[in-house]
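Following: one structure in structure tokens, then a few remarks.
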Amino acid sequence: MGVDIDRRLFLQFLGAGLTGATWHGTPLGPLAQPALHAAAQAAPPRSPFAGFTGIDPTSRDDLVLADGFMHDVIALWGDRLPGTNARFGYNADYTAFFPTAADGSEGVLVVNHEHLSMPEPGEVGVYLQTFPVLMGRVAEIEDELQDVGVSVLRIRRDANRRWQIVASPVTRRYDATSPMRVSGPALQRGSVAGTLANCSGCHTPWNTVLTCEENIHFFVPPDVDTTGRSRTGGRFRLDGSHYGWVVEIDPMDPEWVPVKHTLLGRFRHENVAIRAEAGRPIAAYMGDDRINGHVYKFVSERSFSPAADNRGSLLASGRLYTALFRADGTGEWRELSEASPLRPNPGSDMPAVPRGATTLGQVYADTGAIVTDAYRAANLIGATPTGRPEDVEVHPLDGSVYIAFTEAATARGSLFTNLHGEICRIREEDDVTGVRFTWMRWKAGGPNDPAQRGHVFAAPDNLSFDPNGDLWVVCDITTVRLNGDPRYTAFQNNGMFFIPASGTDAGAARQFASGPCESELTGPSWTPDRETLFLSVQHPGEGAGMRTPAMQAPRGSNWPSGRINEPPRPGVVSIHRR
Ligand code: FEO
Ligand code: CA
Ligand code: CA
């Protein structure tokens, strides 16, 4: 594809990423860094996972790993959580691990649950199909309300390096009915409860989790008016304006009521990436995962103090911006405020503009309404429609921001045209409070070339940096395209890739894992010693459902049992070297 970058340029930028100008405390300046060589030598050591021989793409109905690695299931949908009456939810996604023992053998694992794999065009609706097989009865709406949200699991590693959930006050669930609080200017009328459509998230520098509400339209009415009001309805009969937010949870404190931070905007939140340095405001970078969705940045009003109680408060006041990308590689953060001038994107989804209105404040009732309708408000101020921005991550060494665009935008004249997606990189021109940035295409998805098996990916979704800047990428080719659409045949099942940042193979993608049929691998996270990788297996069998004798891979799934006529069950696994 024309968007793929020249390898020389790639290496140049990888080098620039290894300047050692750590993003804790050093605002990024221009790329020129005379200390490049010495600083690069000081980069953290490579992860124990990095040295592997890549696998070829496959359509096996299994979690296939590179030679020398093995996995154990930690939890599957429907498993009773020890010490509770609750079960592990459906479609596990984001994971984050919080160690609680000095030897690394205990901790708390947070796992999100996203959608419920209902019948869609070309999909059987594996959730409703398999619920009776697993539970012995038909699913009620109350079951669906329980199977979304978040699981918090106290886990312990045994002598065989197998992680198991243990009973503890910390082991618990949040679902679509759990009590919630609200910060910021929106949702100030009445009470709010429940979280749903939880996609990816963020492990904050102050050790809480941000869980991100994404495709809420599967459950509630997504549209709001210019006062920020929605209606009660949808499958869950809930108020649509209450969902589509970033929710903060304290994994270690079951008594602490989660907070929906409305100043981070309401849209199809994939995840949040935080850039924090002591004594400065923090930036929270975010993507709106829809075709023609925008990229956002929240800048806190308060400065970050590691010693302060930042929980619930640091994200409660600040400013919300959305990104304008220019073809020349420059960009601008435009604030979503009442004073922001209208510069509408022609042909995009926007509310009607009152005659003579020139600012967002003359279209919307107040700031709360603007942030509640962030997608349409961003279109009103000229934010760039992009190709489904999914994970956003901050580079561990230089503070630049990487964004996975899963596919192409459809907006006229869009800069994001690669059907197979791409990973882009943003550098702030000043510190995080600035409004100018530069950007580049860092790694393109595709092409759909069987000769490059295992070295090309499509539809990049979650990203995870190793401390030395090596990058892990999991892919989300949508189920209706997987192993069917002729533009995606080379990739076979969704997989996980590694892109080294240094060495002779720097910049060359290599496949580490392949997911079961009709699944995607999501939410990679590691223990601090990098000995264990936590990974979710989401929606196995989402297209054709539970595999029967009449079906063959790549259609349908029986993961993890592998036995025909047994239900596929989404879950979370741990992976380590043998
Ligand atoms: Fe739920 Fe954007 O993936
Ligand atoms: Ca995702
Ligand atoms: Ca996705």
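Order of listing sets the numbers, starting from 1, for every ligand and every atom in it. FYI, side chains are in, hydrogens and waters are out, and symmetry mates aren't considered; it's all heavy atoms of this structure.
Below the 3.0 Å limit, the Ca ion (ligand 3) has as protein N, O or S neighbours Glu390 OE1, Glu390 OE2, Asp461 OD2, Asp476 OD2.
If you look at Glu214 and ask which of its N, O or S atoms sits nearest atom 1 (Fe) of ligand 1, the answer is OE1. Restricting Glu270 to its N/O/S atoms, the shortest distance to atom 2 (Fe) of ligand 1 is reached by OE1. Minimum-distance N/O/S atom of Asp289 relative to atom 2 (Fe) of ligand 1: OD2.
Ring pair Phe49/Phe498: centre-to-centre distance not below 6.0 Å. Not less than 6.0 angstrom separates the ring centroid of His71 from the ring centroid of Phe69. If you look at Phe534 and Trp163, their ring centroids are closer than 6.0 Å. In summary, the aromatic rings of Phe298 and His261 are positioned with their centroids too far apart to meet the 6.0 Å limit. Taking the six-membered ring where the residue is Trp, the centroids of Phe416 and Trp439 are separated by under 6.0 Å.
Here Asp461 fails the criterion, with no N, O or S atom under 2.8 Å of atom 1 (Fe) of ligand 1. Atom 1 (Fe) of ligand 1 has an N, O or S atom of Glu114 closer than 2.8 Å. Residue Glu390: an N/O/S atom is found under 2.8 Å from atom 2 (Fe) of ligand 1. Within the coordination shell of atom 1 (Fe) of ligand 1, defined by N, O or S atoms under 2.8 Å, His115 is absent.
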field: Verdict with supporting geometry, Asp289 and Arg388, salt bridge (Lys or Arg N to Asp or Glu O under 4.0 Å)
entry: CA-CA 5 Å; Asp289 181 7; Arg388 289 189 57 201; 2.7 Å; yes

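Checked against Val295 for a side chain to side chain contact (heavy atoms under 4.5 Å, CB included), the options Tyr285, Tyr321, Trp333 give a single hit: Trp333.
Contacts classified as salt bridge (charged side-chain N to carboxylate O under 4.0 Å, His left out) and involving residues 509-526 (residues at least two apart or in different chains) are given here: Asp505-Arg510, Glu518-Arg555.
Between Phe219 and Phe236, the two ring planes are tilted [angle within 30° to 60°].
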